[in-house]
Amino acid sequence: MDTLKILFWTFLFIIVYTYVGYGILLYVIIKIRRFFKIGKTVEVDHSYEPEVTLFIAAYNEKDYVDAKMENTLSLDYPKDKLNIVWVTDGSDDGTPDLLKDFPNTTVHHLDERNGKIGAMNRGMDFVKTPIVIFSDANTNLGKESIRRIVNLFSNPTVGCVSGEKRIIEKESDVASGAGEGIYWKYESTLKKWDAELYSVVGAAGELFAIRTELYRHVEKDTLLDDFIISLRVAQDGYTIQYDPEAYAIETASANVKEELKRKIRISAGGIQSIVRLTVVTQYF
């Protein structure tokens, strides 16, 4: 019985620490560092304005093309320095044809569908700019998002920058997205503190960027490509920074069933990432 009690309290502690304890501990550490003026913020050059690529891997996204491109072309960044790359492998709904009408846009298409990771690995061979920014077709970005992300790359210690995911809840989304907005606000606060302490752990796939030279092809069976890509940048000795004012907006999951599937995939992907990254670290 004593063994069962120990296991119970141990597992309970792990759960509480994961959801609440880590945040409290991080808050205390940040407050102490601020009080004693330990550490420093990442210095950025606001005049830094390199050529960048906005990279979108898409499959049958014709319903989002117009809104995505309208949003992209309205972003606050020099048009001659913003390259827009879509990789539409397997799309058969007319998505590639719709994109041909937009300026500064390159479409790389294959009839064969190899999944998002296959599209990313293939498409990255076409990226020639020093910074690549990943975004989803069904998300819109805040007007200053690209500029704010790029500013952080002016510091040579930064290898990856994560934006913030913001959830818009329509009436029909209430059940599936219940608590999602609150969760992401809490997650955003933790990321800000992580970045202030040293480096964020992982990036949001809806909007994140890396130095192009740091991209390594991702294994096709990877469940969380954004998490793996960003943490491998950290393994290379760079920090992952975070700016909540660089944000991507999307709606909540269509229904509770879809939200459950997403949560299961994230949980399984987290376990897979821990194993995969640990093995790589030990190997090197």
(message) I'd like to know whether E51 forms a side-chain contact (heavy atoms from CB on, under 4.5 Å) with N83, so could you lay out the CA-CA distance, the side-chain angles of the two residues, the decisive distance to 0.1 Å, and finally the verdict.
(response) CA-CA 8 Å; E51 194 173 354; N83 299 294; 2.8 Å; yes
(message) Would you say CZ of F126 has more than 12 non-hydrogen atoms from neighbouring residues, nucleotides or ligands within 6.0 angstrom?
(response) yes
(request) Decide yes or no on side-chain contact (heavy atoms from CB on, under 4.5 Å) for V16 and F13, but give the supporting numbers first. (result) CA-CA 5 Å; V16 172; F13 171 79; 5.9 Å; no
(request) State whether the side chain of S199 and the backbone N or O of A195 hold a donor-acceptor pair below 3.5 Å, judged by distance alone. (result) no
(request) Would you name the heavy atoms of D89 and E112 that are closest together and state the gap between them? (result) CB-O, 3.5 Å
(message) Please give me the minimum heavy-atom distance between I240 and A234, naming the atom from each residue.
(response) CD1-CB, 4.1 Å
(message) Using a strict threshold of under 4.0 Å (side-chain N to carboxylate O), is an ion pair present between D225 and K220?
(response) no
(request) Compare every heavy atom of I266 with every heavy atom of L224, then report the nearest pair and how far apart it is. (result) CD1-O, 3.6 Å
(message) Among I228, V218, L223, exactly one meets side chain to side chain contact (heavy atoms under 4.5 Å, CB included) together with I117. Which residue is that?
(response) V218
(request) Show your reasoning for whether side-chain hydrogen bond (donor to acceptor under 3.5 Å, both in side chains) applies to N138 and E61. (result) CA-CA 8 Å; N138 64 341; E61 300 283 12; 5.8 Å; no
(request) Step by step, work out the salt bridge (Lys or Arg N to Asp or Glu O under 4.0 Å) result for E219 and R232. (result) CA-CA 13 Å; E219 297 86 344; R232 281 179 172 163; 2.8 Å; yes
(request) For the residue pair S273 and L231, establish whether any side-chain heavy-atom pair is separated by less than 4.5 Å. (result) no
(request) Compare every heavy atom of L82 with every heavy atom of Y77, then report the nearest pair and how far apart it is. (result) CD2-CB, 4.4 Å
(message) When you compare the side chain of L99 with that of V65, does any pair of heavy atoms fall below 4.5 Å?
(response) yes
(message) Quick one: does any side-chain atom of T139 pair with a main-chain N or O of E250 as donor and acceptor, under 3.5 Å?
(response) no
(request) Please name the pair of heavy atoms, one in R211 and one in F153, separated by the smallest distance, quoted to 0.1 Å. (result) NH2-O, 2.8 Å
(request) From the options K116, R276, Q272, select the one residue that forms a side chain to side chain donor-acceptor pair (under 3.5 Å) with T222. (result) R276
(message) If you apply the rule side-chain hydrogen bond (donor to acceptor under 3.5 Å, both in side chains), what do you find for D92 with N60, and how did you get there?
(response) CA-CA 6 Å; D92 55 9; N60 285 352; 3.1 Å; yes
(message) Do K165 and S188 pair up side chain to side chain, a donor and an acceptor below 3.5 Å, judged on atom types alone?
(response) no
(request) Measure from the side-chain N and O atoms of S162 to the backbone N and O of A204, and report whether any donor-acceptor pair falls under 3.5 Å. (result) yes
(request) Examine the side chains of D93 and Y59 and answer whether a donor and an acceptor come within less than 3.5 Å of each other. (result) no
(request) Taking the side chain as every heavy atom from C-beta outward, state whether I229 and F208 have any pair of such atoms under 4.5 Å apart. (result) yes
(request) Could you give me the CA-CA distance, side-chain angles and deciding distance for S135 and L141, then say whether side-chain contact (heavy atoms from CB on, under 4.5 Å) is met? (result) CA-CA 9 Å; S135 178; L141 309 184; 3.7 Å; yes
(request) From the options V107, T72, D66, select the one residue that forms a side chain to side chain contact (heavy atoms under 4.5 Å, CB included) with F102. (result) D66
(message) Please determine whether the number of non-hydrogen atoms from other residues, nucleotides or ligands lying under 6.0 Å from atom CD of E187 exceeds 12.
(response) yes
(message) Is it the case that atom NZ in K37 sees more than 12 heavy atoms from other parts of the structure closer than 6.0 Å?
(response) no
(message) So, using side chain to side chain contact (heavy atoms under 4.5 Å, CB included) as the criterion, who are the partners of D76 when residues are at least two apart?
(response) K143, E144, R147
(request) Return the orientation label for the Y27 and W193 ring planes: parallel under 30°, perpendicular over 60°, tilted otherwise. (result) tilted
(message) Any side-chain to backbone donor/acceptor pair from S145 onto Y247? Under 3.5 Å, distance only.
(response) yes
(request) Measure from the side-chain N and O atoms of N155 to the backbone N and O of E43, and report whether any donor-acceptor pair falls under 3.5 Å. (result) yes
(request) Using a 4.5 Å cut-off on heavy atoms from C-beta on, say whether the side chain of L207 contacts that of I149. (result) yes
(request) Apply the test side-chain hydrogen bond (donor to acceptor under 3.5 Å, both in side chains) to residues T88 and T95: give CA-CA distance (whole Å), side-chain angles for both, the deciding distance (0.1 Å), then the verdict. (result) CA-CA 7 Å; T88 59; T95 295; over 6 Å; no
(message) Closer than 4.0 angstrom, basic N to acidic O: yes or no for R216 and D236?
(response) yes
(message) To the nearest 0.5 Å, what is the distance between CG on N104 and CG on L54?
(response) 11.5 Å
(request) Look only at the side chain of R148 and the backbone of G163, and say whether a donor-acceptor pair between them is shorter than 3.5 Å. (result) no
(message) Using modelled atom types and a 3.5 Å cut-off, is there a donor and acceptor pairing between side-chain atoms of T105 and backbone atoms of D101?
(response) no
(request) Show your working on side-chain hydrogen bond (donor to acceptor under 3.5 Å, both in side chains) between Y242 and E164 and close with a plain yes or no. (result) CA-CA 8 Å; Y242 174 71; E164 179 179 89; 3.0 Å; yes
(message) So which atom in A203 and which in S230 form the shortest heavy-atom distance, rounded to 0.1 Å?
(response) N-OG, 3.3 Å
(request) In sequence, state the C-alpha distance, the side-chain angles, and the governing distance for R33 and L197, and then conclude on side-chain contact (heavy atoms from CB on, under 4.5 Å). (result) CA-CA 8 Å; R33 286 170 62 90; L197 183 62; 3.4 Å; yes
(message) Do the side chains of K191 and D194 get close enough for a salt bridge, i.e. N-O under 4.0 angstrom?
(response) no
(request) Flag the pair K192 / P244 as yes when at least one side-chain heavy-atom distance between them is below 4.5 Å, and no otherwise. (result) yes
(message) Is it true that S91 and R113 share a donor-acceptor pair across their side chains at a distance under 3.5 Å?
(response) no
